[in-house]
Enquirer: 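Shown below is the structure under consideration.
No hydrogens, no waters, no symmetry mates; every other heavy atom, side chains included, goes into these values. The structure presented is a predicted model; accordingly, all values stated were derived computationally and were not measured.
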Amino acid sequence: DSGYTAAGMNTNITVYLRGGLYTNNEAIKFTSADSGKNGFTITYKSYPGETAEIAAAKEVKGWKPYKDGIYMAEVDASEEINVLYEGDIFAHKARYPNLGDGAYRDYYLHSAGYNESNPKTFYFNKGDLPYISDAEGLQAVIFGGGENGFINWWMEAFNAQIDYRKKSLTLSTDPVRVMGPGSRYFIQGSLELLDSEGGFYYDKNEKGIYYKPYGKDINSETITYPTVVNPIILEGTEADPIKNIVFDNIKVGKSNTNTELRAASDEAIYFKYAENCAMRNSEILLTGNDGIVLINTKNCDVSGNYIHDI
């Protein structure tokens with residue numbers, strides 16, 4: 001609260017956060033008014049011997065058995081759920097082919113070519129795709145390889161219509177690059193594809209989420225989905241930068257964006273127009289794109305952090 005320091009400071013201040021999971025539905029934002037005053041710092045850190053975790057996520061509760069090791073819970077999410085977390089483990093949308101222990105290339109299918117008169121349509125080989133009786137909401141996640149299928153690094157996700165007779169998938173809009181022969185892709189967005197651990201399906205019409213957990217007892221696990229893009233924001237202005245704020249020994253993350261494609265502003269810690277601020281000795285994980293981003297900063301310290309699974 002900036003009111004505590006409005007009159008100034010005559011010593012450094014440490015704010016201890018007790019151990020546990022703190023979920024938030026909006027970013028924790030610090031502005032210039034929250035700065036340490038008179039050259040003194042305000043440090044936010046975990047209580048000694050404990051770990052405070054700030055998660056930009058909401059916990060899912062009330063799981064009930066569905067079938068075949070799959071559980072279902074009611075979720076009133078305002079947007080599409082594109083990622084789920086079981087503890088500190090990433091869970092993914094139910095897809096085909098499944099993620100697994102096989103070779104990297106086994107995770108994808110490969111285009112048999114595209115329709116030159118309609119670049120939204122590409123073809124699959126006989127037997128490549130399983131039959132899906134309810135394909136409403138089906139998505140194709142593609143790595144358009146261009147006319148010769150060689151590029152394969154730009155990922156896009158589209159709603160898609162499948163035609164088994166023509167052995168084709170038609171995307172909702174034109175891709176950045178066409179799906180030339182050999183271009184990688186996979187499909188997702190159907191409950192019928194949910195058959196592997198760590199996979200989930202969200203029915204946004206029925207507000208229900210289906211999940212096949214890694215753990216054997218789902219009620220002993222903390223299952224969350226992201227609600228915030230940037231858990232912690234420190235943002236001043238060019239004329240009045242935020243100053244002298246330090247984070248030390250905390251855990252921050254679970255903030256994957258609720259959009260299909262990750263953008264450059266999706267990070268756990270965002271510093272802009274900041275001076276003499278720091279993020280130290282902390283764990284940053286499971287973010288939308290970047291762990292920490294600094295823009296127009298001066299004398300800021302990022303050190304001793306463990307940044308992973310971003």
Enquirer: Output every pair passing side-chain hydrogen bond (donor to acceptor under 3.5 Å, both in side chains) with a member in residues 166-178, not counting sequence neighbours, ordered by first then second residue.
Expert: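 The answer is T121-T170.
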Enquirer: Looking only at the aromatic ring of each residue, does the gap between the centers of Y225 and Y202 stay below 6.0 angstrom?
Expert: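 No, too far apart.
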Enquirer: Evaluate I250 against Y44 for side chain to side chain contact (heavy atoms under 4.5 Å, CB included), listing each step before the verdict.
Expert: CA-CA 8 Å; I250 61 173; Y44 298 85; 5.7 Å; no
Enquirer: In the single-linkage hydrophobic clustering (I, L, V, M, F, W, Y; side-chain heavy atoms under 4.5 Å), do I89 and I81 co-cluster?
Expert: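 I89 clusters together with I81.
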Enquirer: With R280, which of T43, D248, D301 fulfils side-chain hydrogen bond (donor to acceptor under 3.5 Å, both in side chains)?
Expert: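 So, applying the side-chain hydrogen bond (donor to acceptor under 3.5 Å, both in side chains) to R280 and each of T43, D248, D301, only D301 qualifies.
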Enquirer: How close do L193 and Q188 get, heavy atom to heavy atom, and via which atoms?
Expert: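 Looks like CD1-CA, 3.9 Å.
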Enquirer: In terms of ring plane angle, is the pair Y211 and Y214 parallel, tilted or perpendicular, where the classes change at 30° and 60°?
Expert: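 The arrangement is perpendicular - the two ring planes meet at more than 60°.
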Enquirer: Report, as yes or no, whether the 6.0 Å neighbourhood of atom NZ on K298 holds more than 12 heavy atoms from other residues, nucleotides or ligands.
Expert: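 Count not over threshold, so no.
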Enquirer: Less than 3.5 Å apart, which donor and acceptor atoms pair up between the side chains of residues 52-70 and the rest of the protein, not counting sequence neighbours?
Expert:
{"unit_1": "E53", "atom_1": "OE2", "unit_2": "K254", "atom_2": "NZ", "d": "3.2"}
{"unit_1": "W63", "atom_1": "NE1", "unit_2": "V60", "atom_2": "O", "d": "3.3"}

Enquirer: Which distance, rounded to the nearest 0.5 Å, do you find between the CD1 of I245 and the CE of M279?
Expert: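 Reported value, rounded in 0.5 Å steps: 11.0 Å.
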Enquirer: According to side chain to side chain contact (heavy atoms under 4.5 Å, CB included), who are the partners of N10, at least two apart in sequence or on a separate chain?
Expert: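 Here no residue qualifies.
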Enquirer: First locate atom NZ of K272, then atom CD of E238, and finally report the distance between them rounded to the nearest 0.5 Å.
Expert: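 Here the interatomic distance stands at 10.0 Å.
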Enquirer: Please state whether the rings of Y201 and Y210 are parallel, tilted or perpendicular, taking 30° and 60° as the class boundaries.
Expert: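 The arrangement is tilted - the two ring planes meet at 30° to 60°.
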Enquirer: If Ile, Leu, Val, Met, Phe, Trp and Tyr residues are connected whenever their side-chain heavy atoms lie under 4.5 Å apart, and connections chain through other members, are L191 and L138 in the same group?
Expert: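 No; tracing contacts between hydrophobic side chains, which count when under 4.5 Å, never links both residues.
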